[in-house]
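Accompanying notes for the structure given below.
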Amino acid sequence: MLRIARNDLDRIYAQARAEYPAECCGILTQGKDRGVCAVHSCENIQEQKHRDDPERYPRDARTAYLIDPEEMMRITAATEAAGGRVAGFYHSHIDCPAYFSEEDERRTWIFNDREAGEGPDDPDAAYLVLSVYGEDATGAAAGSGREVKGYKCFGWDGSAYIEMPVEPAD
Ligand SMILES: [Zn+2]
């Protein structure tokens, strides 16, 4: 189960609203004590990739996210050097509910072979998905009607991704 401080959840909500209609994303890490997660907001570089190479990256940032691999490596290295670990990732869904999409699931098998019965690359990672609705759905003026309608978190239980609880911490 993930534990995230309420004010960090608020920050993620704010990021999801601010970056709408692009998906926002970030990394959740835990220290040595495996306690409350630290939240690292990341740039979604999907839009850039899509513009540069639409064949390889058919989705734009409205329907996909990509964390800059260098930023990911930097955060992972700093976390692990301090005895911690990457606990999971978060991203937002634009004008649709929070669920673990086929694409979300597919991308957790980059190195491992699902067809061969292997589990995901990082079976301990949690995936927090937020649902943000905005003016594109409601017709409101830009920025005025953006609302995070909720979130769900998913984790690997050994045979499938299932919903797992998030405990807001003080
Ligand atoms: Zn998703």
Salt bridge check: are [X] and [Y] linked by an N-O gap of less than 4.0 Å?
{"X": "Arg11", "Y": "Asp8", "result": "yes"}
{"X": "Arg114", "Y": "Glu105", "result": "yes"}
{"X": "Arg146", "Y": "Glu135", "result": "yes"}

Practice prompt. Let me see the working for Cys42 and Ile75 under side-chain contact (heavy atoms from CB on, under 4.5 Å), right down to the final yes or no.
Written response: CA-CA 10 Å; Cys42 293; Ile75 290 167; 4.0 Å; yes
Roughly how far, to the nearest 0.5 Å, is the [atom2] atom of [Y] from the [atom1] atom of [X]?
{"X": "His91", "Y": "Arg107", "atom1": "NE2", "atom2": "CZ", "value": "7.5 Å"}
{"X": "Thr79", "Y": "Lys32", "atom1": "OG1", "atom2": "NZ", "value": "13.0 Å"}
{"X": "Met73", "Y": "Thr76", "atom1": "CE", "atom2": "OG1", "value": "8.5 Å"}
{"X": "Arg62", "Y": "Asn44", "atom1": "CZ", "atom2": "CG", "value": "13.0 Å"}

Could you check if a side-chain atom of [X] sits within less than 4.5 angstrom of a side-chain atom of [Y], using non-hydrogen atoms only?
{"X": "Ile67", "Y": "Met72", "value": "yes"}
{"X": "His93", "Y": "Asp104", "value": "yes"}
{"X": "Val129", "Y": "Tyr90", "value": "no"}
{"X": "Arg51", "Y": "Tyr57", "value": "no"}
{"X": "Glu71", "Y": "His40", "value": "no"}
{"X": "Phe100", "Y": "Tyr127", "value": "yes"}

When you group the ILVMFWY residues by side-chain heavy-atom contacts below 4.5 Å and let the links chain together, are [Y] and [X] in the same group?
{"X": "Tyr13", "Y": "Ile27", "answer": "no"}
{"X": "Phe89", "Y": "Val132", "answer": "no"}
{"X": "Leu128", "Y": "Ile94", "answer": "yes"}
{"X": "Tyr20", "Y": "Tyr133", "answer": "no"}
{"X": "Leu28", "Y": "Leu130", "answer": "yes"}

Fill in: Steps toward side-chain contact (heavy atoms from CB on, under 4.5 Å) verdict (Glu47, Leu66)
CA-CA 9 Å; Glu47 192 69 26; Leu66 190 63; over 6 Å; no
Discussion item. Determine whether Ile4 and Val39 satisfy the following criterion, side-chain contact (heavy atoms from CB on, under 4.5 Å), listing intermediate values before the conclusion.
Written reply: CA-CA 8 Å; Ile4 303 175; Val39 173; 4.2 Å; yes
[X] side chain to [Y] main-chain N or O, any donor-acceptor pair under 3.5 Å?
{"X": "Trp109", "Y": "Gly119", "result": "yes"}
{"X": "Asp121", "Y": "Ile110", "result": "yes"}
{"X": "Ser41", "Y": "Gly26", "result": "no"}
{"X": "Asn112", "Y": "Glu118", "result": "no"}

I need the minimum non-hydrogen distance between [X] and [Y], along with the two atoms involved.
{"X": "Cys37", "Y": "Ala87", "answer": "SG-CB, 4.0 Å"}
{"X": "Ser131", "Y": "Cys96", "answer": "OG-O, 2.9 Å"}
{"X": "Gln46", "Y": "Arg59", "answer": "NE2-O, 2.9 Å"}
{"X": "Cys25", "Y": "Tyr65", "answer": "CB-CD1, 3.4 Å"}
{"X": "Pro21", "Y": "Asp136", "answer": "CB-OD2, 3.7 Å"}
{"X": "Ala22", "Y": "Ser92", "answer": "O-OG, 4.2 Å"}

Worksheet item: Can Asp68 and Glu43 be said to form a side-chain contact (heavy atoms from CB on, under 4.5 Å), step by step?
Response: CA-CA 7 Å; Asp68 181 354; Glu43 190 190 345; 5.7 Å; no
Show me, pair by pair, the donor-acceptor contacts under 3.5 angstrom made by side chains of residues 160-170, not counting sequence neighbours?
{"residue": "Tyr161", "atom": "OH", "partner": "Thr108", "partner atom": "OG1", "Å": "2.9"}
{"residue": "Glu167", "atom": "OE2", "partner": "Arg3", "partner atom": "NE", "Å": "3.4"}
{"residue": "Asp170", "atom": "OD1", "partner": "Arg6", "partner atom": "NE", "Å": "3.0"}

Practice prompt. Please indicate whether Glu102 has more than 12 foreign heavy atoms, meaning atoms of other residues, nucleotides or ligands, lying under 6.0 Å from its CD.
Written response: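 No.
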